[in-house]
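Reviewing the structure listed below.
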Amino acid sequence: MSTRRLLVTSALPYANGHIHIGHLVEYIQTDIWVRFQRLAGNEVAYMCADDTHGTAIMIRAQKEGRSEESLIAEMREAHIRDFAGFDVEFDYYGSTNSEENRELCHEIWAALRKAGLVVEEDVRQLFDTEKGTFLADRFVKGTCPKCGAVDQYGDNCDKCGATYTPADLINPKSTLSGTTPEFRTARHLFVRIEDLHPFLTEWTQSGTHLQPEVANYLKGHFLGEPLRDWDISRPAPYFGFEIPDSPGNYWYVWFDAPIGYIAATKAWCKKTGSDFDSWWKTGPAEVHHFIGKDITYFHTLFWPAMLKTAGFKLPTFVHIHGFLTVAGEKMAKTKGTFVRGSTYLEHLDPAFLRYYYATKLSKGLDDLDLNLKEFEEKVNSDLVGKVVNLASRSAKFVQETGLATIYPEDGGLFAEAAAARDEIAADYDAGDFSAAMRKIMALADKANRYIDEKSPWTLRKDPSKADEVRQVCTVALNLFRQLAVYLAPVLPRLANQAGELLQTPIRSWNDVATPLVGTGVSPFTHMLKRVDEKQVQAMIEASKEPEPVAAPAVPATGAPTAAAGGVTPGASTDEATPVVDGPECLVAEPLAGVIAIDDFLKVDLRVVRVLAAEPVEKSKKLIRLTVSLGGDVRRTIFAGIKTAYDPATLVGRLIVVCVNLAPREMKGVGVSEGMVLAAGPGDKEIFILSPDSGAKPGQRLH
RNA sequence: GGCGGAGUAGCUCAGGUGGUUAGAGCAGCGGCUUCAUAAGCCGCGUGUCGGAGGUUCAAGUCCUCUCUCCGCUACCA
């Protein structure tokens with residue numbers, strides 16, 4: 001095949017968190033692809049960087065009482081260390097907070113201006129007067145105007161699903177300061193992307209740059225109607241780059257983040273002397289982005305639009321993958337399935353995860369499930385039982401003699417495995433790693449069968465058959481070497497070990513085509529250790545976040561740099577542990593402002609008895625309650641508590657209800673005439689209030 | 001609630017444009033082997049292809065309805 005030049009990127013990890021096994025799906029996937037391309041003789045530049053700007057970084061730095069720069073420098077170190085631990089090898093790891101990136105942002109911005117795509121518009125947004133900053137929807141919480149659920153974000157209610165703007169929110173509070181924000185208007189800059197609509201339709205629908213389901217998605221969701229202007233500025237204070245011709249405004253993080261791909265390339269070119277323009281402006285170099293499906297829209301609409309306008313090369317292909325689930329569910333800190341890269345590495349070999357992901361990755365956008373039992377079985381039986389075992393069961397018989405000098409007759413096994421080269425290469429190139437792994441393992445099965453048939457351990461007992469033993473092992477080790485080449489993109493260390501064992505390094509994909517003869521054989525040492533269930537369990541345990549009640553107070557830094565190695569497996573929390581209440585609830589929902597007694601008295605809270613409770617069929621969350629206030633005063637109340645309570649257990653209970661809320665129509669199921677008092681964030685964690693015994697229905701709470 | 005995805009053997013998954021008795025790996029069971037990291041080899045599958053209906057000579061594969069599960073709902077399209 002002719003040599004290709006490939007500029008490859010993985011999405012830039014945000015400098016606000018550590019790398020976890022979910023992120024690693026993408027970096028491992030990209031790294032495998034890159035290593036394959038290199039092995040196949042193509043020229044590759046693999047670029048990545050930290051994504052460092054935005055409100056979240058600014059707020060966290062503020063909270064930790066440090067500069068943004070020191071925060072992102074620390075995270076960068078951690079990210080680089082984690083990637084290296086998993087053998088993810090970038091040619092350059094940059095930062096969006098770099099001079100190269102600033103220059104490129106200026107350049108692309110100037111092009112957008114010149115093309116007349118930048119427009120200005122006023123945006124009315126909530127403003128935190130204490131912190132002096134505008135508040136994004138998710139930094140505002142309040143009471144849902146539709147269902148009355150408290151503690152809802154500024155854009156939609158996760159109790160009833162209503163969407164609205166922060167302006168509709170009842171009693172909005174800034175989650176930064178707890179104060180009541182006020183509306184202010186600011187001038188924002190927008191990119192009128194609609195001007196590029198025809199170009200984007202053509203580019204996305206050409207069938208060559210995107211997976212078909214992605215092209216469909218874009219066609220159905222965005223391209224069917226005019227594209228909205230893209231708000232790319234944020235008023236100060238903001239951690240990012242100030243817009244040169246609009247003082248006091250900063251580029252929104254999603255503007256400068258993808259430019260980080262180019263900036264990393266530029267920095268790398270400076271360092272190595274490579275010609276920047278040949279990668280991003282002219283010539284045959286291909287640009288390949290690997291991203292998760294969550295950021296599809298930025299990479300397939302805005303990004304091509306920006307590149308096109310500024311005269312950069314367009315992506316050759318955007319490879320989009322699904323998310324990681326663990327045991328069929330999304331990763332959860334409480335279950336210990338939210339495993340950081342660094343935690344994994346303390347317990348397990350990175351090769352295992354690389355191989356496991358490889359067996360699961362295919363061309364599609366499907367989510368990928370990490371099943372821990374399967375992980376263990378696959379690694380042990382495929383890698384140890386099949387592949388490494390080939391070397392392990394034959395190497396020592398030829399340690400003294402080395403390989404035969406002429407490749408022996410092997411019944412066509414070597415040629416057959418060599419013939420799979422193009423097919424396996426095509427699978428790798430297409431990103432269908434699972435298909436490649438299946439084919440490789442089938443070859444490993446054949447090789448093991450061969451050894452079994454030939455039984456060199458039996459032959460060895462007859463001194464006159466020494467030559468035959470050498471021949472059989474020469475075949476076995478050559479078959480092993482082919483597997484090591486085929487697996488080299490996934491398991492680079494194993495490829496090195498195979499090179500050492502047979503005293504000839506693996507350098508090229510074509511090494512599968514020529515058998516090795518006459519080389520020495522080094523003493524065999526274990527190449528991979530079997531996975532022990534205990535290691536997996538230990539990793540999960542170490543990843544579990546303690547129950548809130550037993551949690552030690554979060555350190556003042558607020559940095560969740562938890563307990564590396566500090567886990568005491570046997571530690572029990574059931575008794576004698578003094579209860580220490582963590583601050584996270586207050587953090588999640590800051591204290592409301594002071595009110596007068598009159599305000600409080602407006603709220604009529606009553607003890608009521610639940611007479612009937614039944615689930616609302618159409619709803620995931622609602623239960624219809626009929627409650628008695630004593631006498632024959634009844635109320636019907638819809639409460640969003642189905643996820644936490646079985647209706648039958650509520651009947652007969654005394655609970656507390658706000659009875660003078662305006663009745664509210666609930667999405668076609670009826671009218672709710674009150675609100676049940678309950679605490680907790682929602683889902684399974686909802687806790688209804690009850691009076692102590694002796695209270696009677698109808699009694700008011702003071 | 002909205003949007004998206006998925007439902008094929010115990011588990012994880014293959015099954016372009018519909019076409020012989022629906023496949024693989026792993027697990028499991030039985031036997032063999034003992035060189036090898038409790039590794040290897042041989043044999044063993046009556047699966048309502050989530051359910052119902054439809055189109056067709058023919059459907060896991062197309063259409064309609066339906067059930068279940070999962071994900072997303074981020075300064076956001």
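The structure displayed is predicted, hence computed values, not measured ones. Just so we're on the same page: letters track the sequence lines, and every chain starts at 1.
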**Request:** Measure the distance from CZ on Arg460(A) to P on rU34(B) and round it to the nearest whole Å.
**Result:** 13 Å

**Request:** Whole angstrom is fine here: how far is it from OH in Tyr450(A) over to P in rA36(B)?
**Result:** 19 Å

**Asked** Which one is paired to rG4(B), where only Watson-Crick or G-U wobble pairs with both distances under 3.5 angstrom count?
**Response** rC70(B)

**Asked** Does rA24(B) have a Watson-Crick or wobble mate here (both distances under 3.5 Å), and if so which one?
**Response** rU12(B)

**Request:** Output the residues of residues 185-195 of chain A in contact with RNA chain B, where contact means a heavy atom of the residue under 4.0 Å from an atom of the strand; sort by number or write none.
**Result:** none

**Prompt:** When the ring planes of Phe239(A) and His53(A) are compared, do they come out parallel, tilted or perpendicular, using 30° and 60° as the limits?
**Reply:** perpendicular

**Request:** Quick one: sort the Trp230(A) and Phe298(A) rings into parallel, tilted or perpendicular, breaks at 30° and 60°.
**Result:** tilted

**Prompt:** Nucleotide by nucleotide, 5' to 3', does protein get under 4.0 Å of the base (B), only the sugar-phosphate (S), or neither (-) in nucleotides 37-44 of chain B, counting heavy atoms?
**Reply:** B-SSSS--

**Request:** Examine rA36(B): is either OP1 or OP2 under 4.0 Å from a nitrogen or oxygen in the side chain of Lys396(A)? Give yes or no.
**Result:** yes

**Asked** Would you say the side-chain atoms of Tyr450(A) and Asp410(A) include a donor-acceptor pair closer than 3.5 Å?
**Response** no

**Prompt:** Please, which pairs that meet ring pair (Phe, Tyr, Trp, His ring centres under 6.0 Å) have at least one residue in residues 362-397 of chain A, sequence neighbours excluded?
**Reply:** Tyr356(A)-Phe375(A)

**Request:** Scan for salt bridge (Lys or Arg N to Asp or Glu O under 4.0 Å) pairs involving residues 434-453 of chain A, sequence neighbours excluded, and state none if there are none.
**Result:** Lys386(A)-Asp445(A), Arg393(A)-Asp452(A), Glu416(A)-Lys446(A), Glu423(A)-Lys439(A), Asp427(A)-Lys439(A)

**Request:** Keeping to residues at least two apart or across chains, list the salt bridge (Lys or Arg N to Asp or Glu O under 4.0 Å) pairs with something in residues 463-483 of chain A.
**Result:** Arg481(A)-Asp511(A)

**Item:** Atom of Ile295(A), atom of Ala11(A) and distance for their closest heavy-atom approach
**Value:** CD1-CB, 3.8 Å

**For Glu182(A), side-chain hydrogen bond (donor to acceptor under 3.5 Å, both in side chains) partners two or more places apart** = Arg184(A)

